[in-house]
Amino acid sequence: MQLDMVKSVHEVCKANGLRYIMLGGTLLGAVRHKGFIPWDDDLDIGLLRPDYEKLLDLLEKHPIEGCFLQTFATDPHYVQPYAKLRMNGTRYVESFWKNIDMHQGVFIDIFPLDRIKMPGSRATELRRLMAKEITFAIWRKEKCILQREGIKRLEVVPSTLIALLPKQTLVRLQNRLVVREDREWEYASSMFTSNYTTAKVYYRLTDFDTLRLYDFEDTRLYGVANYDEALGRMFKNYMQLPPESKRNSGHVLAEVSLGE
């Protein structure tokens, strides 16, 4: 299902001159396993912000058969600041989303990559962390089940206060924080990755001039040509398999149904 969805997105991008890349574990899976990481279930792609917005516009006007494009604009109770393409007629409900009345079918993630001045700089990381707190505030407004233990309970304080603002205000504030298309900056990053800093996840704009196709299961998908540099920043010894105790997707599921 995920493979079918990404194949369709690939064709839309190819037909309309939009450049996408595999991100994170998806690129790692392509390089190390020629497809999905066996114990993972994510499929993530990213596009520079202008191409991301064009892709969303195309997918709204010309929906992929059997799929739903999920954004703040298309699903009033959606909680993430990036798009998901969901498979209709399926259910893939993570435990902390189970109380939210939104489309929760099998999905692939589509991330915008926004311009940054310098990877890992204090100013860039402050923007990312502020955007992250707004995301947590939106989760709280939509009754996400997010538990924190010990000192981590303090993490909910900023988002609890920010959540007093209307959701649409939070979405606008988040976009103002991260979208920098008016700047002549040479780097881009996903400002919505909670586990990695911009020092670990960034690309040069020129990387998108020399994309290459990688074998991925029974198809080929685009990624940056300098995969060793990109994966090395994120995972260090990325060709080494993790211990069996850490081979899991990180998702705790409340419900799964693949439909017919």
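Residue numbers start at 1 and run along the sequence shown.
- Crowding of M234 atom CE: a count of heavy atoms from other residues, nucleotides or ligands under 6.0 Å exceeding 12.
- L23 CG to D109 CG: the interatomic distance, rounded to the nearest 0.5 Å, is 9.0 Å.
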Next item on the list: Would you sort out whether T206 and E186 count as a side chain to side chain donor-acceptor pair (under 3.5 Å), showing the intermediate values?
Entry: CA-CA 8 Å; T206 53; E186 63 178 298; over 6 Å; no
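- A donor-acceptor pair is defined here as one N or O able to donate and one able to accept, closer than 3.5 Å; no such pair exists between the side chain of T124 and the backbone of P119.
- Side-chain contact between T135 and Q80 is present, with heavy atoms from C-beta onward closer than 4.5 Å.
- Using a 30° and 60° split on the angle between ring planes, F68 and H103 fall in the parallel class, below 30°.
- Looking at heavy atoms from C-beta onward, R49 lies in side-chain contact with V178 at the 4.5 angstrom threshold.
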Next item on the list: In sequence, state the C-alpha distance, the side-chain angles, and the governing distance for T198 and Y187, and then conclude on side-chain contact (heavy atoms from CB on, under 4.5 Å).
Entry: CA-CA 10 Å; T198 57; Y187 299 98; over 6 Å; no
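- Between A131 and M191, the shortest heavy-atom distance links the atoms CB-O, 4.4 Å.
- Here the side chains of L69 and P63 are not in contact, with every heavy-atom distance at 4.5 Å or above.
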Next item on the list: Show the numbers, then the answer: is there a side-chain contact (heavy atoms from CB on, under 4.5 Å) between L241 and R32?
Entry: CA-CA 9 Å; L241 296 177; R32 195 171 67 192; 3.7 Å; yes
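- Note that CZ of R19 and CG of L211 are 7.0 Å apart. Values are rounded to the nearest 0.5 Å.
- Using the six-membered ring where Trp is involved, F208 and Y203 have ring planes that are perpendicular, over 60° apart on the 30 and 60° scheme.
- Under the 4.5 Å side-chain criterion, counting only non-hydrogen atoms from C-beta, F136 is in contact with K132.
- Going from atom CZ of R127 over to atom OG of S121 covers 8.5 Å, rounded to the nearest 0.5 Å.
- Under the 3.5 Å distance criterion, the side-chain polar atoms of R86 are left unmatched by any main-chain donor or acceptor of Q70.
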Check: Does the salt bridge (Lys or Arg N to Asp or Glu O under 4.0 Å) test come out yes or no for R91 and E255, once each step is laid out?
Finding: CA-CA 7 Å; R91 295 279 287 171; E255 181 185 352; 3.2 Å; yes
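- Using a 4.5 Å cut-off between side-chain heavy atoms of Ile, Leu, Val, Met, Phe, Trp and Tyr, with links allowed through other members, L164 and I134 fall into different hydrophobic clusters.
- V31 has its side chain within reach of M239: a pair of non-hydrogen atoms, C-beta onward, lies under 4.5 Å apart.
- Shown are W139, F107, Y92; of these, the ring-ring contact (aromatic ring centres under 6.0 Å, His included) with W97 is made only by W139.
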Check: How far apart are the C-alpha atoms of I45 and T26, what are their side-chain angles, what is the distance that settles it, and do they pass the side-chain contact (heavy atoms from CB on, under 4.5 Å) test?
Finding: CA-CA 8 Å; I45 64 171; T26 305; 5.6 Å; no
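- Cluster membership for L18 and L213, using ILVMFWY side-chain heavy atoms within less than 4.5 angstrom, is shared.
- At least one donor-acceptor pair closer than 3.5 Å links the side chain of T90 to the backbone N or O of V106.
- With rounding to the nearest 0.5 Å, the separation of CG in L48 from CG in D114 is 9.0 Å.
- Between E11 and K14 no salt bridge is recorded (no basic side-chain N to carboxylate O distance below 4.0 Å).
- Between Y196 and S190 there is no side-chain heavy-atom pair separated by less than 4.5 Å.
- Linking ILVMFWY residues whenever their side-chain heavy atoms come closer than 4.5 Å, directly or via other members, places Y52 and I64 in the same cluster.
- M1 has its side chain within reach of L258: a pair of non-hydrogen atoms, C-beta onward, lies under 4.5 Å apart.
- Minimum heavy-atom separation, L205 to A188: CD2-CB, 3.9 Å.
- Taking CG from L27 and CG from D44, the interatomic distance works out to 11.0 Å, rounded to the nearest 0.5 Å.
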Next item on the list: Step by step, work out the salt bridge (Lys or Arg N to Asp or Glu O under 4.0 Å) result for K7 and D218.
Entry: CA-CA 10 Å; K7 286 178 182 179; D218 65 354; 3.1 Å; yes
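- Applying the salt bridge (Lys or Arg N to Asp or Glu O under 4.0 Å) definition to pairs two or more places apart or across chains, those involving residues 162-180 are E142-K167.
- By the criterion of side-chain heavy atoms lying less than 4.5 angstrom apart, applied directly or through intervening Ile, Leu, Val, Met, Phe, Trp or Tyr residues, I100 is grouped together with L253 in one hydrophobic cluster.
- Heavy-atom minimum distance, F72 versus Y78: CE2-O, 3.4 Å.
- Note: the hydrophobic cluster containing V179 also contains V171 (ILVMFWY, side chain heavy atoms under 4.5 Å, direct or indirect links).
- Annotation: side chain to side chain donor-acceptor pair (under 3.5 Å) contacts of T197 (sequence neighbours excluded): none.
- In this structure, F216 has its ring center closer than 6.0 angstrom to the ring center of F36.
- Taking CG of L177 as the start and CE of M130 as the end, the distance is 5.0 Å to the nearest 0.5 Å.
- A 6.0 Å sphere centred on NZ of K141 holds more than 12 heavy atoms belonging to other residues, nucleotides or ligands.
- Annotation for L56 and A83: closest pair CD2-CB, 3.7 Å, computed over non-hydrogen atoms.
- Between the side chains of E60 and T74, not a single donor N or O lies within less than 3.5 Å of an accepting N or O.
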